[in-house]
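Chain A is the first sequence line, chain B the second, and so forth, proteins listed ahead of strands; every chain is numbered from 1.
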Amino acid sequence: MFVKHTEKLPRAFYQRNTLQVARDLLGTYLVRRLPSGEILRGRIVETEAYAGIYDPASHTYRDRRTERNEIWYGEGGFAYVYQIYGLYFCLGLITEPPSVPGAVLIRAVELLSGRQALSTNGESAPEAMALSGVQRGDGPSKLCLAMQIDRRCNGLDLCGDELFLEVGDTPCQFADVVFTPRINIDYAGAGALSYWRYYLRGSPAVSKKTYEPLRA
DNA sequence: AAAATGATCAAG
DNA sequence: TTGATCATTTTA
């Protein structure tokens, strides 16, 4: 099925089951418009679902409602950016209808940018990227660094123009999605056993390729 | 293996 | 008010 590359994902996309959204995000393009007007793009290749009040790894586990996670209780389609270890930021996308908390952590993107696309002189996109010294997107905080996503992006409407998603130009084949347990959530006990991490098989940008046994 | 580093949250 | 805890990354 042909889909126009530049089509922006609508709010209805996010207002669905969190696990479904996490899978469907693979292959889509994360787009960041900087204050300067420059456009950065990254193809999402790895996500994790955080499924709300019954998920021990979720910031809304047991329905604990705080100032930080308040946005989880609103409608899907907004950015949730939080600081981790005092040093880094992570990007979550709020899912589900209003009053149903849920979010998807973006763990890795294959990085592109408008500037690189314009300035490529015969090199492949990855070569151009290396030459320009742009960072990699193979980790939840590394992609935030590369795409200049920080606390100021918290709460942004993904249906706006500063941070949004575009449908991918390659349909994501179900058989090409790997399912694994989520990363670094040992504190979640049994919740750490759920296979709620998804990534595109074979992508060079996946953060940890330790585990590829399952095929859907 | 462990440091870097600060917001957040629950306990006291 | 305080102290433990991180959905990480880098360096050794």
Quiz item: Could you state the CZ-P distance from Arg64(A) to dC6(C), rounded to the nearest angstrom?
Solution: 14 Å
Quiz prompt | Interatomic distance, Arg182(A) CZ vs dT8(C) P [rounded to whole Å] | solution = 12 Å
Quiz prompt | dG3(C): pairing nucleotide in any strand, Watson-Crick or G-U under 3.5 angstrom | solution = dC9(B)
Practice problem: Could you tell me whether the side chains of Tyr198(A) and Asp24(A) share a donor-acceptor contact shorter than 3.5 Å? | Solution: no
Self-check item: Rounded distance (Å) that lies between atom C1' of dA7(C) and atom OH of Tyr198(A)
Solution: 15 Å
Quiz item: Touch check for Gln83(A), heavy atoms < 4.0 angstrom, all strands: base, sugar-phosphate only, or nothing?
Solution: sugar-phosphate
Quiz item: Over how many whole Å does the gap from Ile183(A) atom CD1 to dA7(C) atom C1' extend?
Solution: 10 Å
Exercise. Check whether any side-chain nitrogen or oxygen of Arg136(A) sits under 4.0 Å from OP1 or OP2 of dT9(C), and answer yes or no.
Key: no
Quiz item: Any side-chain N or O of Arg107(A) less than 4.0 Å from the OP1 or OP2 oxygen of dT8(C)?
Solution: yes
Self-check item: Below 4.0 Å: OP1/OP2 of dT8(C) and any side-chain N or O of Asn184(A)
Solution: yes
Quiz item: Do the non-hydrogen side-chain atoms of Leu143(A) and Glu46(A) ever get within less than 4.5 Å of each other?
Solution: no
Quiz item: Are more than 12 heavy atoms from other residues, nucleotides or ligands located less than 6.0 Å from atom CZ of Arg65(A)?
Solution: yes
Quiz prompt | Arg33(A) atom CZ, neighbour heavy-atom count above 12 within 6.0 Å | solution = no
Quiz item: Ignoring hydrogens and angles, are the base of dA7(B) and the side chain of Tyr82(A) linked by a donor-acceptor pair under 3.5 Å?
Solution: no
Quiz item: Stacking here means centres under 5.5 Å and planes under 30°; does Tyr85(A) stack on dA4(B)?
Solution: no
Quiz prompt | Atom-pair distance (OH on Tyr199(A); P on dA7(C)), nearest Å | solution = 21 Å
Self-check item: Side-chain N or O of Arg68(A) closer than 4.0 Å to phosphate OP1/OP2 of dC9(B)
Solution: yes
Quiz item: Closest to the His59(A) side chain: dA7(C), dA10(B), dT9(C)?
Solution: dA7(C)
Quiz item: Taking atom P in both dA4(C) and dA3(B), what distance in whole Å separates the two?
Solution: 16 Å
Quiz item: Does Tyr88(A) stack onto the base of dT8(C), taking stacking as ring centres under 5.5 Å apart and planes under 30° apart?
Solution: no
Quiz item: Between Leu87(A) (CG) and dA2(B) (P), how many Å, whole number?
Solution: 18 Å
Practice problem: For His59(A) and Tyr82(A), test the side chains for any donor-to-acceptor distance below 3.5 angstrom and give the result as yes or no. | Solution: no
Quiz item: Rounded to the Å, how far apart are Ile149(A) CD1 and dT8(C) C1'?
Solution: 15 Å
Exercise. Rounded off to whole Å, could you give me the CG-to-P distance for the Asn69(A) and dC6(C) pair?
Key: 16 Å
Quiz item: Can a side chain N or O of Tyr187(A) be found less than 4.0 Å away from OP1 or OP2 on dA7(C)?
Solution: yes
